[in-house]
Amino acid sequence: MSQSPRPRREALPDALPTPKRQLPMQRTNDFARHPKDGWTYADPYPMSDRYRARLHAIIERLCPPPPAPMSGDLLTQIELHVRGFMMYMHPLAGRGLWLAFILLDWAPRLLFMSWRRLGDLDRQAADRVISRITSTRWMPLRLLVVGIRGSVLSAYFDLSEVHERLNYRPVPFLKERVALRERLVASPALLGATALAAE
Amino acid sequence: MTILAHEDYEADQTFETDVVIVGTGAGGGAAGATLAEAGYRVMFIEEGGYHPTSSFSAYTTESVPRLYRDASATMIVGRAPIPYVEGRCVGGSTVINGGMAYRPPERVLADWERITGSAELGVEGLDAAFSEVERRISANFQSELSIGEDSRIMEAGAKKMGWHYTTNRRNQSACVGANNCSLGCPTGAKQSTLVTYLPRAFERGAVCLTEVRVEKLLIEGGRAVGVVGRAINPRTRRADRTVRVRARAVIIACGAVQTPLLLARHGLGKPSGQLGKNFLCHPNAKVLAVYPQKVDGWKGVSQNTQIREFHEDGILMAENFVAPGVLAAYLPFHGERAWELMSRYENMVLSGVLVEDSSSGSVSRTLLGMPLVRYELTALDHQRFKRGVKLLAQMHFELGAERVILPFTNQHEALGPDDLERIDTLQTDVNTLELFTVHLMGTARMGARREGSVVNLNGELWDLPGCYVADASLFPTAIGVNPQVTIMALATRVAERLQLHAKAA
C-alpha cells in the first residue's frame, strides 16, 4: 500500500496570489449575449482580408437566402463567430477548418464541376456542389463540409434577428423562469404545492 | 473562495497542497469536496474558466466556447464517425449535461462485481455511495410546472404504442423548466458540481486554478508528487505560463478521453496494457419530428421521461430539445432547405435513440498531442439503431407528425410511415448513420488484478503510487444509462479510500 497524504488544517501559504478578477457571484443575470463575468473572449482567428472575403462568400452560399434574414452586417457577425469558435478548437483542428474553407471554395474545380470557385458560383450551382460533397461516400470529404456547415449554420441560427423570425425569444422566458424559481425557493409552501410528477 | 485565473499566475509558479485534483466535473468535484470536508488541503486544476450561474444564457455562439472542450469540435474516428462533446469549465460536463440522475441497472453492477471480483462494486457494495450522491445533488422528479409540451408528447406516444416508460430522476432543486441545460442552467436549479460539491469544497478552503491545462505529472522516486500545467492566455489562447502544483496525492479526473491522454504521456498502464482501451460511448442518433401544432419544445424541462420498453435490448429513447444554434449544427441541410425546416422550430420535437455499446474503442495519443479516439460500431448496434429510429419515427407519425428527419446521410427525411419501410433496404452501410455522443467511459478501468486493469479497487494506478483516477475512465463496462451519478459515487469512494490510506499511514 502506498503512502498517502495526512490531512493538514493549517492555512494556505501566503504565497497564494490574490485573484485579480472580480467574480460576480451574486450579480443578477441580464442574459446578455456577452455576459460581464470577467471572462475574456478570445481574439478572432487571424485571417487576411482576402481570405475573409472568400469566407464571406462561402458563408453566404451556406446560409439561407432572403426572405430569411441576411445582410452584410449579419455575414460579418457570422464570420466573427466562426473565427471565435476556431480559437477554442485544438490548434490543429482550428488550422484544419481554415484549410477546409479553402478546399470547399476550390471544390467546384477539384470536382470538375465548374472552373469558378464556390463563392463565385450562383446559389443553385453552389447548392449542387455542396449537396454532392455532403452525399459522397468518401467520409473525410463529407466530414469536411459537414463541419463547416455546422459551424456556419450554428452561428447563423444563433443571431438575434433569426431568433425573432423563429419566434424563439429566450430572454423574456428565462427571466420569467428565474423569477418563478426565486418565488418557489422563497416559499416552501408554494414549492410543496407543485406536485411531483412521478409521485 | 479562491479561484485563480491566467492573469493571477507568474511566468513560472509553484503551489503546494495535500491533494491536487485535475478536473472539476462529476468526478473531480465529488472527490475534492469529500477530501476538503475531511480536512485536506485541496487544489483543483481546471482547463476551462469559471462561469457562475448568473452568466449563463441561451446564446450558442457565446456559451459553446466558454463551456465546451474545443468549442465542441471533437470527433470519434471510425465507422461511423461520432462527434462528441465534453465540458471545459468549472463544473465540467455537469454544467452542460441533461441532468439525469440514474444508477446503473442491477445487471451492470452484478457484472462489475463478477469482473472485479469485489462485492464493493456490486449492487449492495455501492448502495450507500449512490444514496449519498443522490442526496447531495437532490436527485428527484420534476414538478408539473416544469414539464414542457414535447415531454408530454413523448409520454403520450409511449402510451399510444403501449411502451413502458419511466419518469426521470434529475439532479435538480425547484427546477422550473428553463430548458437551458446544455448551455448552463441560468436558474441554478440543476445541481451540477458548480453549485453543489464545489462550493462545499471552497467553503473548506479548497482553491481552484482555472485556465490551466495539465500537461504532465511530476514523478519522483516512482511516486506521483504533483502536476505541471500551462496557463492559457484567454485572448490569444496560447499557453504562456507554467504552473506547478506539488502535492502528496494526485487525482486525475479529466474524463475518459483526457485522462488516458495524460497518463499515456508517461507510459503508464503498462502492467495490463489496458490504458486507453475499453473506450465506451453510448452512441445516440437524433430523430427530429415536425408536428402541425405549436409545441415550443424550448419551454419546459428536457428529458422528463425515457422510453424503456427496449432497454433490455440495449435501446433507450428520450426527447432532448436544444436551442436553435445547437440544433442547426447537426442539420442535414443548408441554404433554403435549412431555413424551410428551421422555420418550423416551434413545431419540433427533438428525440433520440441511445444504444448501449456492444463493442469498445480506444483512446491514444498522436504525435502532435491530439487525442485519437477510435470506435467501430458493431453490426448488432447498427441493427439496434435502425430498429430504434424506425420505432421512434413510427411513434411520431402515430401522433400526427408531418415529417421526421432521420439520422441517415442517404435518407434524411420520412414523410410518412411508408418511407420508414425503406430503412431496412437503404441502410446497409454503417457509415450512413449520423451519430452523436456525450457519455464517454472506460479507458482506465478499475479492477482487482493488475493484469486486466489500469487502477486498483482504490482507484490508484497499479504502476504509479500516489496517482488516483476518479472519473468515468474507471468504469469496467458501459452502464447503459447517464453516467454522472455513477462517476460521483466512484469518485467519492476513491476519495474515501485515499483517506483510509492516510489514516493507516
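Since the structure is predicted, the reported quantities are computational estimates derived from the model, not experimental observations. Numbers restart at 1 for each chain; the letters A, B, ... are given by sequence-line order, proteins then strands.
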A side-chain contact here means heavy atoms from C-beta on lying under 4.5 Å apart; do B:P81 and A:L143 qualify?
yes
Which atom names give the shortest non-hydrogen contact between B:A338 and A:L153, and what distance separates them?
CB-CD1, 4.2 Å
If I measure from the heavy atoms of chain A, does B:T60 come under 4.5 Å with its side chain, its backbone, both, or neither?
both
For A:A42, does its backbone N or O pair with a side-chain atom of B:R235 as donor and acceptor, under 3.5 Å?
no
In terms of heavy-atom proximity below 4.5 Å to chain A, should B:R66 be classed as side chain, backbone, both, or neither?
both
Are any of the side-chain heavy atoms of B:T210 and A:W39 separated by less than 4.5 Å?
no
Inter-residue atom distance B:D70.CG - A:H90.NE2, 0.5 Å rounding:
7.0 Å
Evaluate the side-chain proximity of B:E7 to A:P19: yes if any heavy-atom separation is below 4.5 Å, no if none is.
no
Among B:S63, B:S173, B:A80, the residue with the most heavy-atom pairs under 4.5 Å to chain A is B:S173
Looking at NZ of B:K294 and CG of A:N167, how far apart are the two atoms once the value is rounded to the nearest 0.5 Å?
6.0 Å
A:V171 versus chain B, the contacting section by heavy-atom distance below 4.5 Å
side chain
A:L174 versus chain B, heavy atoms under 4.5 Å apart: side chain, backbone, both or neither?
side chain
Check whether any side-chain heavy atom of B:H334 sits under 4.5 Å from a side-chain heavy atom of A:S131, and report yes or no.
yes
Interface residues of residues 121-130 of chain A facing chain B - non-hydrogen atoms under 4.5 Å apart:
A:R123, A:D127, A:I130
Is there a donor-acceptor pair closer than 3.5 Å between any side-chain N or O of A:R149 and the backbone N or O of B:L331?
yes
Less than 4.5 Å to any heavy atom of chain B: does that hold for the side chain of A:S135, its backbone, both, or neither?
neither
Choice from B:R88, B:E340, B:R344, B:M75 maximising heavy atom contacts with chain A below 4.5 Å
B:R88
Between B:N431 and chain A, which part of the residue has a heavy atom less than 4.5 Å away: side chain, backbone, both or neither?
both
Contacting moiety of B:A323, where chain A heavy atoms sit under 4.5 Å
both
Pick from B:F56, B:Y59, B:Y68, B:Y9: which one has the most heavy-atom pairs with chain A under 4.5 Å?
B:Y59
Got B:E346 and A:L166 here, is their nearest side-chain heavy-atom distance under 4.5 Å?
no
Given the options A:E60, A:M139, A:R61, which has more heavy-atom pairs under 4.5 Å with chain B than any of the others?
A:M139
When you measure from the side chain of B:R237 to the backbone of A:Y88, do you find a donor-acceptor pair of N or O atoms at a distance under 3.5 Å?
no
According to the interplanar angle, ranging from 0 to 90°, do the rings of B:Y345 and A:Y168 count as parallel (below 30°), tilted (30 to 60°) or perpendicular (above 60°)?
perpendicular
Of all the residues in residues 67-81 of chain A, which have a heavy atom that comes within less than 4.5 Å of a heavy atom in chain B?
A:A68, A:P69, A:H81
Chain A shares the most heavy-atom pairs under 4.5 Å, among B:E211, B:R69, B:R337, with B:E211
Please state whether the side chain, the backbone, both or neither of A:A179 comes within less than 4.5 Å of a heavy atom of chain B.
neither
Show me the donor-acceptor pairs, under 3.5 Å and distance only, between side chains in residues 92-112 of chain A and residues at least two apart or in other chains.
| residue | atom | partner | partner atom | Å |
| --- | --- | --- | --- | --- |
| A:R95 | NE | A:Y45 | OH | 3.4 |
| A:D105 | OD1 | A:R54 | NH2 | 3.2 |
| A:D105 | OD1 | A:L118 | N | 3.4 |
| A:D105 | OD1 | A:G119 | N | 3.1 |
| A:D105 | OD2 | A:R54 | NE | 2.7 |
| A:D105 | OD2 | A:R54 | NH2 | 3.1 |
| A:R109 | NE | A:W115 | O | 2.6 |
| A:R109 | NH2 | A:W115 | O | 3.2 |

Check whether any side-chain heavy atom of B:V64 sits under 4.5 Å from a side-chain heavy atom of A:F85, and report yes or no.
yes
Among B:A71, B:P324, B:A328, residue most engaged with chain A (heavy-atom pairs, under 4.5 Å)
B:P324
Ignoring hydrogens, what is the shortest heavy-atom contact between B:S57 and A:F31? Give both atom names and the distance.
CA-CD2, 4.3 Å
Under 4.5 Å to a heavy atom of chain A? For B:N233 that would be neither
Residue pair A:P65 / B:E336: nearest heavy atoms and the distance that separates them
CD-N, 3.7 Å
Which of B:S146, B:G369, B:P332 touches chain A most, by non-hydrogen pairs under 4.5 Å:
B:P332
Give me each pair satisfying salt bridge (Lys or Arg N to Asp or Glu O under 4.0 Å) with a member in residues 155-164 of chain A, each pair once, sequence neighbours excluded.
A:R33-A:D158, A:E164-A:R169
Would you please indicate yes or no on a ring centroid separation below 6.0 angstrom for B:W298 and A:F173?
yes
Heavy-atom side-chain contact between B:V176 and A:L184 under 4.5 Å:
yes
Top contributor to chain B contacts, counting heavy-atom pairs under 4.5 Å, from A:G84, A:G150, A:S154, A:P46:
A:S154
With a 4.5 Å cut-off on side-chain heavy atoms, are A:Y156 and B:W339 touching?
yes
When rounded to the nearest 0.5 angstrom, what distance separates SG in B:C175 from CZ in A:R181?
8.5 Å
Examine distances only and state if a side-chain atom of A:R165 and a backbone atom of B:S343 form a donor-acceptor pair shorter than 3.5 Å.
no
